[in-house]
Chemist: 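Next up is a structure, given as structure tokens.
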Number of protein chains: 2
Amino acid sequence: MSTAKTRHHHGDLKRALIQAGIDLLEEGGLDALTLRKCAARAGVSHAAPAHHFAGLPGLITAISAEGFDRFSKYMTDAIEAGEQTDRERLRSICRGYLQFGLSHSGLLKVMFGEHGLGVHAPRDGRDEAEAYLILRGVCAPFVPEGEDPHIVEAQVWSLIHGFTLLYIGGEFGCTSMPIEDSPFEAVMALVDRIGTQANT
Amino acid sequence: MSTAKTRHHHGDLKRALIQAGIDLLEEGGLDALTLRKCAARAGVSHAAPAHHFAGLPGLITAISAEGFDRFSKYMTDAIEAGEQTDRERLRSICRGYLQFGLSHSGLLKVMFGEHGLGVHAPRDGRDEAEAYLILRGVCAPFVPEGEDPHIVEAQVWSLIHGFTLLYIGGEFGCTSMPIEDSPFEAVMALVDRIGTQANT
DNA sequence: GATCAAATTTGACACTGTAAAGTTAATCTT
DNA sequence: AAGATTAACTTTACAGTGTCAAATTTGATC
């Protein structure tokens, strides 16, 4: 009864449909994401997805879950690159956040969108949201004694989330890659000031 | 040849369709927004909208334009409420931003979404984006001499935009109204520190 | 009052999601 | 090992949707 590998007909249709959906999403945006097209890409009939997801919203939710997994990996990779100070780790997580948004903008919008799961929905076996725990860990050194950690977390998250969405939306002008001279450094400068003084 | 008031049959179908679209949007989210349903609400046949908008994406774009107009009014209203210091005006614009998001979450998502216009698209006669100019005006007192105003603007905008989207998305827990004890005050505390020291 | 053009309707088609019933293939039972 | 059972998938069908091309109505123009 393994849900993982060799199954009846297709092998692992569920995963194939999710991947096809992600591909369609990043190729043509949310409008291009269609149950029938996903089925066609996976090589099955158009009604097959209904046995694995609760309709199109269900597929989108599953895509969002997969997106959060990849998202977490992006951020941990950004953090684990070499030894870093607490402050540098805070910058790294933000850089990972933005990088993910640049590389997978369609996915990111879906993750926080209408049928997305959001960060706090528990997935698989993990009893809490992995992505948020990463943020929490990186913010911890900057939480004043006895203060609610949510304060610092909300500050950092709001900043980088807002910047990333505005940036990939083209609201800062070009959407191209040269992050160096973009307003990103300005936002990072503000991140650097979090937790330096009386905060509340 | 007035595009404004009394026209041939309906009177002002264009505006009626936009309003119907906004209503549908806020009632049932983006999925509920349909050309045919808008037409039905406006009392015309299903193909009538095609003569006023470039399909559903076109209607969404028009809705987004209307949304930015209302958005601007929200922020100016928040600013013009009584005499305020520069710092208080900065806080007020953020409060207006959040209030708009709370009251018109569907509209806000569309404005910055797939077929939305974004802040910088010129609309009507105005040669530049009204909403952004409001932000610019409020940020101006905090831009250091000879510095690029975009820096401060990006900081404030990223913060309040990110917080608002996360908040209406339920990422901070409850989506209800008691803003007082929410992370909003933490974000405002961070806004208060913008432009107080060496910034870049 | 006849003409003309804009605004809207009618009808049609392809595509989508979804539900029901049918078909195939793997697993289970004895 | 052979039949029964269930899961995975297909086929068929239907209601909604966007979109296009042709009528049709309506208001204005001459």
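Predicted model only: the values in this text are computed from it and were never measured. Proteins come first, then strands; the chains are lettered A, B, ... in the order of their sequence lines, and each starts at number 1.
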Chemist: Can you sort out the partners of Phe53(B) under ring pair (Phe, Tyr, Trp, His ring centres under 6.0 Å), two or more places apart, ordered by chain and number?
Modeler: none
Chemist: What residues form a side chain to side chain donor-acceptor pair (under 3.5 Å) with His150(B), not counting sequence neighbours?
Modeler: Arg136(B), Asp148(B)
Chemist: Measure from CG on Leu17(B) to P on dA7(C) and round the result to the nearest Å.
Modeler: 13 Å
Chemist: Would you please indicate yes or no on a ring centroid separation below 6.0 angstrom for Phe172(B) and Phe184(B)?
Modeler: no
Chemist: Name all pairs fulfilling the salt bridge (Lys or Arg N to Asp or Glu O under 4.0 Å) condition that reach into residues 156-168 of chain B, sequence neighbours left out, sorted by first residue then second.
Modeler: none
Chemist: Measure from CZ on Phe53(B) to C1' on dT19(D) and round the result to the nearest Å.
Modeler: 16 Å
Chemist: Do other residues, nucleotides or ligands put more than 12 heavy atoms under 6.0 Å from the NZ atom of Lys37(A)?
Modeler: yes
Chemist: Is there a residue in residues 58-65 of chain A whose heavy atoms reach under 4.0 Å of DNA chain D, and which residues are they?
Modeler: none
Chemist: May I have the distance from Asp12(B) (atom CG) to dT8(C) (atom C1'), rounded to whole angstrom?
Modeler: 15 Å
Chemist: Is there a donor-acceptor pair under 3.5 Å between the side chain of Ser72(A) and the backbone N or O of Phe68(A)?
Modeler: yes
Chemist: Applying ring pair (Phe, Tyr, Trp, His ring centres under 6.0 Å) as the test, list every pair that has at least one member in residues 74-96 of chain A; sequence neighbours left out.
Modeler: Tyr74(A)-Phe100(A), Tyr74(A)-His104(A)
Chemist: Sugar-phosphate atoms are those with a prime plus P, OP1 and OP2; base atoms are the rest. Using that split, label each nucleotide of nucleotides 10-18 of chain D B, S or - for protein heavy atoms under 4.0 Å, 5' to 3'.
Modeler: BBBB---BB
Chemist: Inspect the surroundings of CZ in Arg15(A) and state if more than 12 heavy atoms from other residues, nucleotides or ligands are less than 6.0 Å away.
Modeler: no
